[in-house]
Amino acid sequence: MDMVISDVTLKYLCQKYRHDIGTGTNKFLPGIKVRYVAANKKFGYAYFGNFFFFDDDFYVWEKDDKYAVYHNQDIVEEVFDDECKGRGYARRVLFAGVLTDFVDDNGEGIYTGDVIKLIKEDVPTKYFAVGAWSREDGKGEYCFILDNHNWELEECIRQNYRLIRVGTVFYQLDASDYTGVNQRTMEFNGWRDTEEDKRIKALMAKYTPNFDKELWKYKGLEILGAEFDWR
């Protein structure tokens with residue numbers, strides 16, 4: 001699917017294919033894979049047709065009865081009327097990016113919201129987070145959204161940078177608040193940041209998804225040599 005999928009585009013597509021999502025008709029749906037925060041320290045993944053938006057809130061369909069307590073029937077009926085028989089339980093989670101058509105130097109697929117280490121001989125190492133700059137029609141680019149321009153991933157590759165995924169921007173999370181992926185990436189890519197600011201953000205990106213607010217907890221994880229399977 002030759003589209004650049006930002007949050008805005010994804011919401012548009014969910015509305016466009018609302019009937020198919022509600023009824024579970026999976027034929028001819030866009031081949032989009034997304035990531036979400038399944039729990040603290042754990043991401044989940046879903047394909048288009050198995051999730052939907054209600055305003056800014058993001059829901060995934062679950063079959064396991066253990067998710068029955070999280071089901072929101074009022075939201076389901078508001079979005080789909082009575083088209084959702086047999087779809088399971090609608091559980092609200094935090095949206096955490098979409099799989100792009102780029103891979104890093106280790107062959108791993110890059111998601112929006114990923115923090116990328118850029119390596120090039122004789123150039124200082126940089127860390128930037130990936131966003132998606134697009135319209136509802138899907139035209140645009142996957143890029144690092146900077147202060148006054150976008151640095152496209154395709155251009156980084158043309159300039160012979162090595163791209164290594166090292167973490168994500170989903171740290172210091174708040175389960176009750178929605179913050180768009182592009183907003184999180186722009187905050188990570190802060191052009192006013194000091195070198196210490198950049199170091200701290202790169203550290204927190206390693207330990208994601210994480211709801212801890214206090215910086216000392218991330219530093220403690222570093223001292224302990226903890227590792228999250230953020231992939």
Side-chain angles (χ1 to χ4, degrees), residues 4-7 33-35 37 41 43 94-134 139-174 179-231:
V4 172
I5 310 297
S6 66
D7 298 19
K33 185 179 180 181
V34 303
R35 176 176 59 192
V37 179
K41 305 179 184 179
F43 285 120
L94 295 179
F95 176 65
V98 62
L99 181 64
T100 73
D101 50 1
F102 289 89
V103 296
D104 74 354
D105 269 38
N106 295 320
E108 296 184 355
I110 294 175
Y111 286 77
T112 55
D114 278 351
V115 173
I116 305 297
K117 181 178 182 180
L118 291 99
I119 305 170
K120 185 177 179 180
E121 188 175 355
D122 299 326
V123 176
T125 299
K126 301 178 176 66
Y127 293 85
F128 289 122
V130 179
W133 199 259
S134 73
K139 302 296 183 181
E141 65 269 346
Y142 292 113
C143 57
F144 304 125
I145 305 173
L146 305 176
D147 174 43
N148 57 5
H149 70 288
N150 298 335
W151 191 14
E152 298 178 36
L153 294 188
E154 191 171 334
E155 180 61 27
C156 293
I157 294 170
R158 279 199 295 265
Q159 293 181 22
N160 296 317
Y161 278 93
R162 294 177 56 209
L163 279 62
I164 307 292
R165 298 171 73 211
V166 295
T168 80
V169 295
F170 301 100
Y171 49 80
Q172 295 181 314
L173 294 173
D174 188 332
T179 303
V181 175
N182 276 354
Q183 181 62 40
R184 291 187 186 277
T185 64
M186 287 187 286
E187 290 171 359
F188 184 92
N189 298 338
W191 67 282
R192 294 176 182 266
D193 287 350
T194 65
E195 290 303 313
E196 178 63 9
D197 292 333
K198 294 175 183 177
R199 190 192 74 79
I200 290 171
K201 288 181 178 180
L203 168 65
M204 291 192 292
K206 180 180 177 181
Y207 299 110
T208 54
N210 202 318
F211 290 84
D212 288 333
K213 302 296 184 181
E214 301 87 352
L215 174 58
W216 66 266
K217 292 184 178 180
Y218 295 88
K219 290 182 176 179
L221 290 168
E222 181 182 37
I223 292 170
L224 292 172
E227 291 188 9
F228 285 12
D229 186 12
W230 58 266
R231 290 170 177 81

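Excluded from the calculations below are hydrogen atoms, water molecules and symmetry mates; all remaining heavy atoms, backbone and side chain alike, are included. One is the number of the first residue; the rest follow in order along the sequence.
A 4.5 Å side-chain heavy-atom check between R165 and W230 finds at least one atom pair inside the cut-off. I116 is listed as a side-chain neighbour of V130, based on a closest heavy-atom distance under 4.5 Å. Residues W191 and L146 form no side-chain contact, since every pair of their non-hydrogen atoms from C-beta on lies 4.5 Å or further apart. With contacts defined as side-chain heavy-atom distances shorter than 4.5 Å, the pair F144/C156 qualifies. In this structure the side chain of L173 reaches within 4.5 angstrom of the side chain of F211, judged on heavy atoms. Within the 4.5 Å cutoff, no side-chain heavy atoms of I145 are placed close to those of F128. Taking 4.5 Å as the limit, every side-chain heavy atom of Y111 sits out of range of all side-chain heavy atoms of V181. Annotation: side chain of M204 is in contact with side chain of L215 (closest heavy-atom distance under 4.5 Å).
Under a 3.5 Å cut-off, the side chain of Y161 and the backbone N or O of K117 do not form any donor-acceptor pair. Put simply, the side chain of N106 never gets that close to the backbone of E108: no donor and acceptor are under 3.5 Å apart. R35 places a side-chain N or O within donor-acceptor distance of the main-chain N or O of A96, the cut-off being under 3.5 Å.
Note that NZ of K219 is 5.0 Å distant from CD1 of I200, once rounded to the nearest 0.5 Å. The distance from the CG atom of N182 to the OG atom of S134 is 8.0 Å, given to the nearest 0.5 Å. Separating the CZ atom in F102 from the CD1 atom in I110 is a distance of 7.5 Å, to the nearest 0.5 Å. Going from atom CZ of R162 over to atom CD1 of I119 covers 4.5 Å, rounded to the nearest 0.5 Å. A distance of 5.5 Å separates CD in Q159 from NZ in K120, rounded to the nearest 0.5 Å. Taking NZ of K206 as the reference point, atom CG of L221 lies at 9.5 Å (rounded to 0.5 Å).
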### Task
Go through K213 and D174 one step at a time and tell me if the side-chain contact (heavy atoms from CB on, under 4.5 Å) criterion holds.
CA-CA 9 Å; K213 302 296 184 181; D174 188 332; 3.7 Å; yes
### salt bridge (Lys or Arg N to Asp or Glu O under 4.0 Å) between E155 and R158, intermediate numbers included
CA-CA 5 Å; E155 180 61 27; R158 279 199 295 265; 2.5 Å; yes
### Query
Are K217 and Y207 close enough, and set up right, to give a side-chain contact (heavy atoms from CB on, under 4.5 Å), and what steps lead you there?
CA-CA 10 Å; K217 292 184 178 180; Y207 299 110; over 6 Å; no
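At a threshold of 4.0 Å, the pair E195-K198 counts as salt-bridged, since one of the basic side-chain nitrogens sits closer than that to a carboxylate oxygen.
Other residues, nucleotides and ligands contribute only 12 or fewer heavy atoms inside 6.0 Å of the NZ atom of K41. Applying the 6.0 Å contact sphere to CH2 of W151 captures more than 12 heavy atoms from other residues, nucleotides or ligands. For E187, the CD atom is densely surrounded, since the number of other residues' heavy atoms within 6.0 Å is greater than 12. For CD of E196, the number of neighbouring non-hydrogen atoms (other residues, nucleotides, ligands) closer than 6.0 Å is greater than 12.
Closest non-hydrogen pair, C143 versus E152, comes out as CB-CA, 3.8 Å. The minimum heavy-atom distance between L99 and Y142, with the atom names listed, is O-OH, 4.4 Å. When all heavy atoms of W133 and V4 are compared, the pair lying nearest together is O-CG1, 4.1 Å. Heavy atoms only, all atoms of each residue included: F188 and A205 are closest at CE1-CB, 4.3 Å. Annotation for I164 and D105: closest pair CD1-CB, 3.5 Å, computed over non-hydrogen atoms.
Screening R184, Q183, M186 for a side-chain contact (heavy atoms from CB on, under 4.5 Å) with V169, the sole residue that qualifies is R184. When each of D114, T185, T208, T112 is paired with T168, the side-chain hydrogen bond (donor to acceptor under 3.5 Å, both in side chains) condition holds for T208 and for no other.
Classified by interplanar angle (parallel below 30°, tilted 30° to 60°, perpendicular above 60°), the ring pair F170/F43 is perpendicular.
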